[in-house]
Amino acid sequence: MNLENRAAIVTGGAQGIGEAVCLRLAREGAHVLVADNQPQKARQVSDEIASMGNRSSSMEVDVSVKQSVEEMVDNTLKLFGKIDILVNAAGIFISSPIEDIKEEDWDRVIAINLKGTFLCSQIAGKEMIKQKNGNIVNVSSIAGKYPAIYSGAYSPSKAGVLLLTQMMAVEWAKHGIRVNAVCPGPTDTAMIRDAFDSEERLNRRKKAIPLNRFATSDEIAGAVFYLCSDEAGFVTGESLVIDGGSIKSMFYLMEQLRESG
Ligand SMILES: NC(=O)c1ccc[n+]([C@@H]2O[C@H](COP(=O)([O-])OP(=O)(O)OC[C@H]3O[C@@H](n4cnc5c(N)ncnc54)[C@H](O)[C@@H]3O)[C@@H](O)[C@H]2O)c1
C-alpha cells in the first residue's frame, strides 16, 4: 500500500468526491479524519473506513469558521499524532447570472470554497511546517481555469483556489510540503445533479463532453491519490484536469453544432 500509516484530513468527506477520496486514501493504507458539516454522513464514512481496519474518525466541521478548523487540526493531532495529508474537498455551488448574484450568496461561496481552503491549509500547514513534510491537494474545478458562465461566485472562488495552491506550493516547498490541485469537470455527485433541473438538461450537458459522460467520484479520487503519493514526489504547484476532454473541445462542439444543422 502506498500511503501506509499516513494521517489524512479530508474536508467535505461525507459524500461525493470527498467521500470517494476518504475511501481511496484508506484503501491505500491511510488513517483518515472525515471532516464535514454533515456529521451523520461523515460518521458513516468513517465507520466504513474503520471496518477496513484503518484508524478513522469523523467530526462536524465548518471550514469557513476558524475556530472549527482549529478544533479539526487539534483533534487530528490527538488522534494520529501528525498530519501528512490534507485534502480540501468541501465546497458549494450557487448559480446565478452576474447581475443577479445576491451579496449573501457571493459571501457564502467565497467563505466556504476559497476562505475555507485557506483556513484549513494555513492551520494544518503550520503543523506540516513543524513536521517538515506534508501534502495538500485542493479540489478546484475546470471552472477555476475558464469562466463557467452563470456560476455566480463559484468560478472566481475556484480560480482563487488555483492561485492559492501555487502560492503555497512555492512558499512551502522549503518545508518539504507539496501543494497541488485537481480540476474536475462535471462529476456525478449531488452537486451536479442539483445544478440541473431536468434529466434532459443533464443529458445535453453530457453530450458536450468528448467522452460523452460525467466523471465518477472514484476517477477524481484516483487523481487526488496520485498527487498525495510518492509517485508525485516532484510535482508541486500543479493542477490536474480530469474532464473527459471538455476544455479542449471547442472544435468538437463546433462539429456537433454543424451536425445538428
Ligand atoms: N461535482 C462536480 O461536477 C464538481 C466539479 C468540479 C469540482 N467540484 C468540487 O468538488 C468538491 C466536492 O464536490 P461534490 O461534487 O462532491 O459535491 P457534494 O455537494 O456532493 O459534496 C460537498 C461536501 O462538502 C460539504 N460541505 C459543504 N459546505 C461545508 C462546510 N462549510 N464545511 C464543511 N463541509 C462542507 C458538504 O456537506 C458535502 O459533504 C467541491 O469543492 C466542488 O466544488 C465538483
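Remember, predicted model here, so these are calculated numbers, not experimental data. Every heavy atom of this structure was used, including side-chain atoms; hydrogens, water molecules and symmetry mates were not. For ligands, and for the atoms within them, numbers begin at 1 and follow the listed sequence.
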Quick one: does any side-chain atom of His31 pair with a main-chain N or O of Arg55 as donor and acceptor, under 3.5 Å? yes

With heavy atoms under 4.0 Å as the rule, classify the contact between Ala89 and ligand 1 as side chain, backbone, both or neither. backbone

Would you check whether Phe214 reaches within less than 4.0 Å of ligand 1, judged by its heavy atoms? no

For Asp62 and Ser64, run side-chain hydrogen bond (donor to acceptor under 3.5 Å, both in side chains): C-alpha distance rounded to whole Å, both residues' side-chain angles, the deciding distance at 0.1 Å, then the answer. CA-CA 5 Å; Asp62 183 340; Ser64 65; 2.7 Å; yes

N/O of Asn113 under 3.5 Å from N/O of ligand 1, yes or no? no

Using a 4.0 Å heavy-atom cut-off, which part of Thr189 comes near ligand 1: side chain, backbone, both, or neither? side chain

Answer yes when Arg213 and Glu219 have at least one side-chain N-carboxylate O distance shorter than 4.0 Å, and no when they do not. yes

Asn88 side chain to Asn138 side chain, donor-acceptor N/O pair below 3.5 angstrom: yes

Within ligand 1, which atoms have a heavy atom of Val139 less than 4.0 Å away? 9 (C), 10 (O), 11 (C), 41 (O)

Close N or O approach (Ser64, ligand 1; < 3.5 Å): no

Any non-hydrogen atom of Thr11 lying under 4.0 Å from ligand 1? no

Is there a heavy atom of Pro186 sitting under 4.0 angstrom from any atom of ligand 1? yes

Below 4.0 angstrom from a heavy atom of Met191, which ligand 1 atoms are there? Numbered from 1 as shown, please. 13 (O), 15 (O), 17 (O), 19 (O), 42 (C), 43 (O), 44 (C)

Mode of Asp62 contact toward ligand 1 - side chain, backbone, both, neither (heavy atoms, under 4.0 Å): both

Could you tell me whether ligand 1 has any atom less than 4.0 Å away from a heavy atom of Ser140? yes

Ser141: numbered ligand 1 atoms lying under 4.0 Å from its heavy atoms: 6 (C), 7 (C)

Select one of side chain, backbone, both or neither to describe which atoms of Lys158 lie under 4.0 Å from any atom of ligand 1, heavy atoms only. side chain

Check ion pair Lys78-Asp74 (N to O, under 4.0 angstrom): no

Going by distance only, is there an N or O of Ile17 that falls short of 3.5 Å from an N or O of ligand 1? yes

Ligand 1 N/O within reach of Val63 N/O, cut-off under 3.5 Å: yes

For Ile142, which part has a heavy atom under 4.0 Å from ligand 1: side chain, backbone, both, or neither? neither

Which atoms of ligand 1 sit under 4.0 Å from any heavy atom of Gly16? 16 (O), 20 (O)

Any side-chain heavy-atom pair of Glu28 and Phe225 under 4.5 Å: yes

Return the closest protein heavy atom for atom 5 (C) of ligand 1 as residue, atom name and distance. Gly185 O, 3.4 Å

